[in-house]
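Lettering of chains follows the sequences in order, A, B, ..., and the numbering in each one begins at 1.
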2 protein chains.
Amino acid sequence: MSLWQSIADQLRAEIARGKWPPGTRLPPETELAARFGVNRHTVRHATRVLADEGLLYSRRGAGVFIAASPVDYPLSERVRFHRNIALSGKVPGRTIDTIMTRPSGEVEAHALGLEPGALVHVAEGISLVDFKPVALFRTIYPADLLPELPAMLRREESVTGALLACGVEDYQRLSTRITARIADAVQAAKLQIEPGDALLRTEGLSRWNERMVERALTWWAAERVTLTLPHVDS
Amino acid sequence: MSLWQSIADQLRAEIARGKWPPGTRLPPETELAARFGVNRHTVRHATRVLADEGLLYSRRGAGVFIAASPVDYPLSERVRFHRNIALSGKVPGRTIDTIMTRPSGEVEAHALGLEPGALVHVAEGISLVDFKPVALFRTIYPADLLPELPAMLRREESVTGALLACGVEDYQRLSTRITARIADAVQAAKLQIEPGDALLRTEGLSRWNERMVERALTWWAAERVTLTLPHVDS
DNA sequence: ACTAATTTGTTCGTATGTATG
DNA sequence: ACATACATACGAACAAATTAG
């Protein structure tokens, strides 16, 4: 085992047990070098590997910092943002930019099983993990089925809660479509990333009983999330 | 632009235009250093980055080698891909750039449940739909479990066929992780897209009985593919 | 607004270990 | 056994960016 490897392992373990919370600055390289009794290069080799793994990032002149670990987001039949994030030990949250009710477009109506022009609620906002933006969302609901949803969305903390308040007890993800796009200036600004960075785009359709209740469009900051598929085990 | 960056760019370009065929050994670091008029460390910094990108790999005492290049070996894709594409009324296909056997890296070994350094087979190539590239793939197999796989991959039309010839009757996808990245120059060239375009990256792990048999990394041209998740219906 | 100190990034030099052929 | 070539590690210096005062 080389020196840089054991140093990397040690730092990895200390990060794992939360010695430095995310965003914290590590001691300077010179200090770490002194602590481990090695040359600065050797510490840099270790921190470089950890940076490759996404645990750290460095800013010239500023220091080396603990990175907020990218979130694993499982795409299952019952996709619940708040629950998913909370289960991974992080703090879920969201802001809502707009809630409006308007006639549906053709694609929306078809997806939700409505007549074209039927009213839909549309909510747009930002999903947060540990108070940092990870995704933009646009969710669309049939207004006839959920007349009180806009009010509930404002009152409740999570979409699931709002739907529950409207009587929707258990809805299931029917299908998910995934692709990727480049962030434009507006998306980048909202997600606090750079224009040209990669976005994961998911398009989900959920059902409750015999009705489609939600069409969810989500643009994820790819650098902050990994979508995972829990396959059936044998 | 730092020295190592311009050197990396130069080497990347030379690799891209096929100056060194796949498997070729690059000139020794000392020679490259002399050619670029820099210290050996500076060359190493450049080659390290290129190795991270998957263009190169180095073997201690042997040299630095080209990992992949556009040399076509027409074989078919994995069963699911093949079937899915065929079912959608399109023509599936693929090319293989390289099949090689080399010591595993840490991440690979861990994923496949091997000792670091244990031999693995690595196949790299391009997946085609209607004779147009849609994805780059790198698949990794434990060599001890599948000693004849490279020969079988060349002989058989599909991965499934090759694995079957190695005694692997039915393997299961254990997990899939999805994220997105930006295409670099080499990836863009292979996929016939533009550098900076979005790539969907999937990372799959498959099991056969109690052994991991395949780690599959795939970079999809996001503009040409949408991954869909058919959720189980209740 | 400017300066100085701090801190990471890059580059050189040098030496030794270890695997390959 | 031997030369070659990559891997690791130390030391030194300066550049570039950030931060503190």
OP1 or OP2 of dG9(C) versus the side-chain N and O atoms of R48(A): is any pair under 4.0 Å? no
Per-nt protein contacts along nucleotides 13-21 of chain D (heavy atom under 4.0 Å; B base, S backbone sugar-phosphate only, - none) come out as B--BBBS--
Euclidean distance, atom NE2 of residue H45(B) to atom P of dT8(D) [Å, nearest integer]: 15 Å
Check the angle between the aromatic planes of H45(B) and W4(B) and answer parallel, tilted or perpendicular using the 30° and 60° thresholds. parallel
Without decimals, in angstroms, what is the distance between F36(B) CZ and dT10(C) C1'? 17 Å
For atom CZ of R155(A), decide whether the heavy atoms of other residues, nucleotides or ligands shown that lie under 6.0 angstrom number more than 12. no
Donor-acceptor contact below 3.5 Å, side chain T228(A) vs main chain R177(B): no
Expressed as a whole number of angstroms, how long is the span from L56(A):CG to dG9(C):P? 11 Å
Is it the case that the side chain of T30(A) and the backbone of R40(A) share a donor-acceptor pair, with hydrogens and angles ignored and the cut-off at 3.5 Å? no
Minimum-distance nucleotide to N39(B) side chain [options: dA7(D), dG13(C), dG9(C)]: dG13(C)
Could you tell me how far apart I7(A) (CD1) and dA9(D) (C1') are, to the nearest whole angstrom? 10 Å
Considering only heavy side-chain atoms of V38(B), the closest of dC6(D), dC12(C), dT11(C) is dC12(C)
Heavy-atom side-chain contact between P27(B) and W20(B) under 4.5 Å: yes
Where the side chain of T42(B) is defined as all heavy atoms beyond and including C-beta, which of dT11(C), dA9(D), dC6(D) is the nearest nucleotide? dT11(C)
Given DNA chain D, 5'-ward residue of the pair G37(A) and P28(B), judged by closest heavy atom: P28(B)
L32(A) CG to dG9(C) C1', in whole Å, measures 16 Å
Would you please test R211(B) and D144(B) for salt bridge (charged side-chain N to carboxylate O under 4.0 Å, His left out) and show each step? CA-CA 11 Å; R211(B) 288 289 301 270; D144(B) 68 316; 3.2 Å; yes
Can you check whether S58(A) has a side-chain N or O nearer than 4.0 Å to OP1 or OP2 of dG9(C)? yes
Check the distance between dA12(D)'s P and E29(A)'s CD and give it to me in whole angstrom. 17 Å
Out of dA9(D), dT10(C), dG13(C), which has the shortest distance to the side chain of W4(B)? dT10(C)
From the list dG9(C), dA7(D), dA9(D), which nucleotide is the closest neighbour of the side chain of R44(A)? dG9(C)
Under a 3.5 Å limit on both distances, the Watson-Crick or wobble mate of dA1(D) is none
Could you tell me whether the side chain of T226(A) reaches within less than 4.5 Å of the side chain of E203(B), counting heavy atoms only? no
